[in-house]
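Just below is one structure, and these are the notes that go with it.
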Number of protein chains: 2
Amino acid sequence: MDDKVQVKQNRIDNIMTRFKGLGYRITPQRMAIVDILIQDANHPTVEQVYQKVRNDFPMTSRATVYKTIGLLKDMGEISELNISNSSSHYDGFNSEKHPHLVCNCCNEIIDLAEDVFGQVPQEAVQQHGYILQGHYVTIYGICPKCQELSKS
Amino acid sequence: MDDKVQVKQNRIDNIMTRFKGLGYRITPQRMAIVDILIQDANHPTVEQVYQKVRNDFPMTSRATVYKTIGLLKDMGEISELNISNSSSHYDGFNSEKHPHLVCNCCNEIIDLAEDVFGQVPQEAVQQHGYILQGHYVTIYGICPKCQELSKS
DNA sequence: CTACATGCAAACCCTTTGCAGGCTG
DNA sequence: CAGCCTGCAAAGGGTTTGCATGTAG
């Protein structure tokens with residue numbers, strides 16, 4: 001348990017170091033935004049990040065959230081999930097490495113273990129002469145909680 | 001070859017019959033839109049469908065295309081691909097059954113064979129108590145044509 | 001005559017951008 | 001003082017909606 005917390009903290013520190021190295025500044029808001037994206041296992045949307053940052057920094061604007069998330073995306077530190085056609089969700093870890101399980105009812109998004117699909121994408125791609133760059137897997141279903149709710 | 005054409009034609013006929021059964025009318029424009037979505041293997045966007053319909057029906061508006069595609073989506077006859085965060089692509093066949101291979105360079109989208117992943121999604125989902133409803137797989141890479149182009 | 005179909009324009013949502021002012025190094 | 005950071009408001013792109021008109025059954 002403490003290990004996981006430590007891993008995330010290290011990740012945040014690394015990101016901040018890279019940030020600095022690229023000539024960007026580390027501000028309290030940015031710290032908070034990065035924190036939310038990495039700590040939060042819920043793959044938040046920009047709006048959700050925005051609301052959370054505002055708990056601590058009420059003056060924060062959406063533009064700042066968008067801009068910071070844009071930087072992190074360009075740095076390859078977070079990835080964008082195109083789960084639905086409305087707003088994008090963001091994953092603080094590499095989304096190509098693990099599938100996502102989405103509840104069609106409450107929209108909960110949970111991470112599945114890495115490498116469930118092994119070499120399958122590589123083999124599938126080679127047949128078509130493609131060079132593999134990544135793969136995204138989204139599985140849809142109904143979560144246990146929503147199954148319960150639908151019974152009553 | 002002729003088989004494939006026949007399969008698609010049957011599919012179009014079935015959709016039209018369902019359309020009628022639901023109380024909707026079959027108009028030349030709608031015929032054309034359904035035709036494009038089913039015949040076209042390129043997973044077109046609304047804009048692309050719009051442009052194509054306009055070849056035959058220059059007065060067609062975007063709204064009509066959106067509304068017709070909306071109906072087909074609700075009927076479960078076509079599926080929406082959230083490949084990128086910009087405009088949606090539409091697949092005339094069940095997208096849960098086959099992965100898509102997308103070229104990061106020219107944005108070509110091709111269908112891979114069905115069932116590449118077998119029972120993997122089912123197993124992954126059961127561990128979390130979910131009821132499986134579907135899964136979407138998108139694999140990204142560089143297609144042979146773009147590999148050639150980048151060499152020169 | 002009722003109900004659906006169409007085109008237009010406006011509204012909407014999410015995201016990006018430009019700009020003026022503020023702050024950091 | 002150069003350059004990044006912020007908030008605001010405006011613009012942008014894709015999609016949806018309301019309404020008046022048209023048309024099929």
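Reminder, nothing fancy here: chain letters follow the sequence lines and each chain counts from 1.
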Practice prompt. Please report, rounded to the nearest Å, how far the P atom of D/dC5 is from the CE atom of A/Met31.
Written response: 15 Å
Worksheet item: Are A/Lys151 and A/Glu148 close enough for a salt bridge, meaning some N to O gap below 4.0 Å?
Response: yes
Discussion item. Between A/Ser86 and C/dC14, is there a contact of a side-chain N or O with OP1 or OP2 at under 4.0 Å?
Written reply: no
Worksheet item: Is there a side-chain polar atom (N or O) of A/Thr64 under 4.0 Å from OP1 or OP2 of D/dC5?
Response: no
Discussion item. Rounded to whole Å, how long is the line connecting atom CD of A/Gln48 with atom P of C/dT15?
Written reply: 11 Å
Worksheet item: Taking OH from B/Tyr50 and C1' from C/dG7, how many angstroms apart are they, rounded to a whole number?
Response: 10 Å
Worksheet item: B/Ala63 or B/Gly23: which one's nearest nucleotide on DNA chain C is closer to the 5' end?
Response: B/Gly23
Worksheet item: When the distance from CE of A/Met59 to P of D/dA9 is rounded to whole Å, what number comes out?
Response: 11 Å
Item to complete: Hey, which sits more toward the 5' end of DNA chain C by its nearest nucleotide, B/Asn85 or B/Thr68?
Response: B/Thr68
Item to complete: Would you classify A/Gly70 as touching base, sugar-phosphate or nothing, given that sugar-phosphate means primed atoms plus P, OP1 and OP2, and contacts are heavy atoms under 4.0 Å?
Response: nothing
Practice prompt. Would you mind telling me which of D/dT6, C/dT6, D/dG7 lies closest to the side-chain atoms of A/Thr60?
Written response: D/dG7
Practice prompt. Would you indicate what A/Arg30 reaches in the nucleic acid, counting non-hydrogen atoms under 4.0 angstrom: base, sugar-phosphate, or nothing?
Written response: sugar-phosphate
Discussion item. Closest approach to the side chain of B/Ser88, judged atom by atom: which nucleotide of D/dC8, D/dT15, D/dT6 is it?
Written reply: D/dT15
Item to complete: Starting from C1' on C/dT15, measure out to CG on A/Asn82 and report it in whole angstrom.
Response: 13 Å
Fill in: Step-by-step ring-ring contact (aromatic ring centres under 6.0 Å, His included) determination, B/Tyr50 to B/Tyr66
CA-CA 9 Å; B/Tyr50 172 70; B/Tyr66 273 106; 8.9 Å; no
Worksheet item: Closest to the B/Val46 side chain: C/dC8, D/dT15, C/dC14?
Response: D/dT15
Worksheet item: How do B/Lys67 and B/Arg25 order along DNA chain D: which one's closest nucleotide is nearer the 5' end?
Response: B/Lys67
Discussion item. Taking the side chain as everything from C-beta on, heavy atoms only, tell me whether A/Tyr90 gets closer than 4.5 Å to A/Leu81.
Written reply: no
Worksheet, complete the sentence: Rounded to whole Å, CD of A/Glu80 lies from P of C/dT15 at a distance of 8 Å
Worksheet item: Considering only side-chain heavy atoms of A/Ser87, which listed nucleotide, D/dT15, C/dT15, C/dG7, is closest?
Response: C/dT15
Discussion item. Hydrophobic clusters here meaning ILVMFWY residues chained together by side-chain heavy-atom distances under 4.5 Å, can you tell me if A/Met75 and A/Met31 are in one?
Written reply: yes
Fill in: Rounded interatomic separation in angstrom, taking OH from B/Tyr66 and P from C/dA11
18 Å
Discussion item. Between B/Phe93 and B/Ile78, is there a side-chain heavy-atom distance shorter than 4.5 Å?
Written reply: no
Worksheet item: When the distance from CD of A/Gln29 to C1' of D/dC5 is rounded to whole Å, what number comes out?
Response: 9 Å
